[in-house]
A.B. asks: 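My questions will all concern the structure given below.
Values reported hereafter were calculated over all heavy atoms of this structure, with side chains retained and with hydrogens, waters and symmetry mates removed.
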Amino acid sequence: MDLGAVLIAVAGVGGTLGAALLTQRGAERAKQRELETAQAFEEARQHRELRRSCYAELHKEARQFATALSRHLYVLRDRAAEAEDVRALEETKDRYRDRWSEALMIAPDTVIAPATEVNGALNRAYGQVKRLEQGNPRPGESPLTAAEAQHALWALIATMRGAMRADLGVGEALPPQLTPGRDRLEAMRQDLSAPEES
């Protein structure tokens with residue numbers, strides 16, 4: 001038997017086995033990349049869903065807190081706040097605070113910035129309402145200034161909502177709506193400045 005033929009045969013068999021091995025390794029790498037891509041996609045989907053849920057709750061609770069402040073101002077206009085009134089406001093504030101704490105851990109800076117403005121404005125309005133409730137307002141604070149601070153919350157909440165929607169890719173950020181609700185503010189001003197009926 002010719003040594004050259006044996007070497008050619010061995011090289012042919014080795015090449016065939018090597019090609020099969022390379023093909024198998026290539027297929028394994030492709031499968032690994034496919035699994036990693038699918039896993040990254042699933043993680044991104046879960047994170048987006050977590051943000052969506054967090055944003056929906058934060059938006060809802062911020063609106064509830066703003067509404068509770070308005071309601072409390074009307075209570076203070078008509079009578080002294082009772083334990084049930086105070087409890088309702090405090091529970092609403094606590095629910096909002098829990099959602100705010102959650103958002104701080106989940107939301108990107110593009111959402112945290114306008115949400116921080118909402119948080120600060122809510123807390124300032126709450127402080128003003130509580131001082132009025134306790135009969136200890138700061139100079140310049142009145143039911144009217146508290147109503148104006150509460151009304152200003154809606155534009156900030158709209159800006160926060162727009163940032164949340166943009167982050168989720170739902171649509172373009174919506175501009176804050178500064179004029180809608182002016183009638184509501186004017187009605188509240190009239191209600192709060194109207195003399196009490198005896």
A.B. asks: So, taking the atom named CG in Leu89 and the one named OG1 in Thr67, what distance separates them when rounded to the nearest 0.5 Å?
C.D. replies: 11.5 Å

A.B. asks: With sequence neighbours left out, write down each residue that passes salt bridge (Lys or Arg N to Asp or Glu O under 4.0 Å) with Arg124, or none if nothing qualifies.
C.D. replies: none

A.B. asks: Do you know which two heavy atoms are closest between Arg48 and Leu168, and how far apart they sit?
C.D. replies: NH2-O, 2.7 Å

A.B. asks: Taking side chain to side chain contact (heavy atoms under 4.5 Å, CB included) as the test, write out the residues that go with Gln64, two or more places apart.
C.D. replies: Lys60, Glu61, Thr92

A.B. asks: Using distance only, find each side-chain donor-acceptor pair of residues 5-19 under 3.5 Å and give its atom names and separation, not counting sequence neighbours.
C.D. replies:
| residue | atom | partner | partner atom | Å |
| --- | --- | --- | --- | --- |
| Thr16 | OG1 | Gly12 | O | 2.9 |

A.B. asks: My understanding is that only residues two or more places apart in sequence, or in another chain, count here; which of them pass side chain to side chain contact (heavy atoms under 4.5 Å, CB included) with Ala125?
C.D. replies: Leu69, Ala149, Leu153

A.B. asks: About how many Å separate CE of Met164 and SG of Cys54, when rounded to the nearest 0.5 Å?
C.D. replies: 7.0 Å

A.B. asks: Is it true that a side-chain atom of Asn123 and a backbone atom of Asn119 form a donor plus acceptor pair closer than 3.5 Å?
C.D. replies: yes

A.B. asks: Return the set of residues passing salt bridge (Lys or Arg N to Asp or Glu O under 4.0 Å) with Arg87 (not counting sequence neighbours), or none when no residue passes.
C.D. replies: none

A.B. asks: For residues 98-112, tabulate all N or O donor-acceptor pairs below 3.5 Å that involve a side-chain atom, not counting sequence neighbours.
C.D. replies:
| residue | atom | partner | partner atom | Å |
| --- | --- | --- | --- | --- |
| Arg99 | NE | Glu102 | OE1 | 3.4 |
| Ser101 | OG | Arg97 | O | 3.1 |

A.B. asks: For the residue pair Arg79 and Asp85, establish whether any side-chain heavy-atom pair is separated by less than 4.5 Å.
C.D. replies: yes

A.B. asks: Less than 4.5 Å apart, side chain to side chain, heavy atoms only: is that true for Pro143 and Leu76?
C.D. replies: no

A.B. asks: Using the ring-ring contact (aromatic ring centres under 6.0 Å, His included) criterion, which residues pair with Tyr96? Sequence neighbours excluded.
C.D. replies: Phe65

A.B. asks: Membership question, hydrophobic clusters at under 4.5 Å side-chain separation (ILVMFWY): are Val170 and Ile157 in the same one?
C.D. replies: yes

A.B. asks: Does the side chain of Arg161 come within less than 4.5 Å of Tyr55's, by heavy atoms?
C.D. replies: no

A.B. asks: Would you mind reporting whether Leu122 and Leu156 have side-chain heavy atoms less than 4.5 Å apart?
C.D. replies: no

A.B. asks: What residues form a side chain to side chain contact (heavy atoms under 4.5 Å, CB included) with Gln134, not counting sequence neighbours?
C.D. replies: Lys130

A.B. asks: By side chain to side chain donor-acceptor pair (under 3.5 Å), which residues pair with Arg52, not counting sequence neighbours?
C.D. replies: Glu49

A.B. asks: List in chain and number order the residues that pass side chain to side chain donor-acceptor pair (under 3.5 Å) with Thr145, two or more places apart in sequence or in another chain; answer none if no residue qualifies.
C.D. replies: Gln128

A.B. asks: Can you name the side chain to side chain donor-acceptor pair (under 3.5 Å) partners of Glu117, sequence neighbours left out?
C.D. replies: none

A.B. asks: Once side chain to side chain donor-acceptor pair (under 3.5 Å) is applied, do any residues pair with Glu141, and if so which ones, sequence neighbours excluded?
C.D. replies: Arg131

A.B. asks: So how far is it from Arg95 CZ to Glu57 CD, rounded to the nearest 0.5 Å?
C.D. replies: 10.0 Å

A.B. asks: Determine the minimum heavy-atom distance between Ala66 and Gln150, stating which atoms define it.
C.D. replies: O-NE2, 2.9 Å

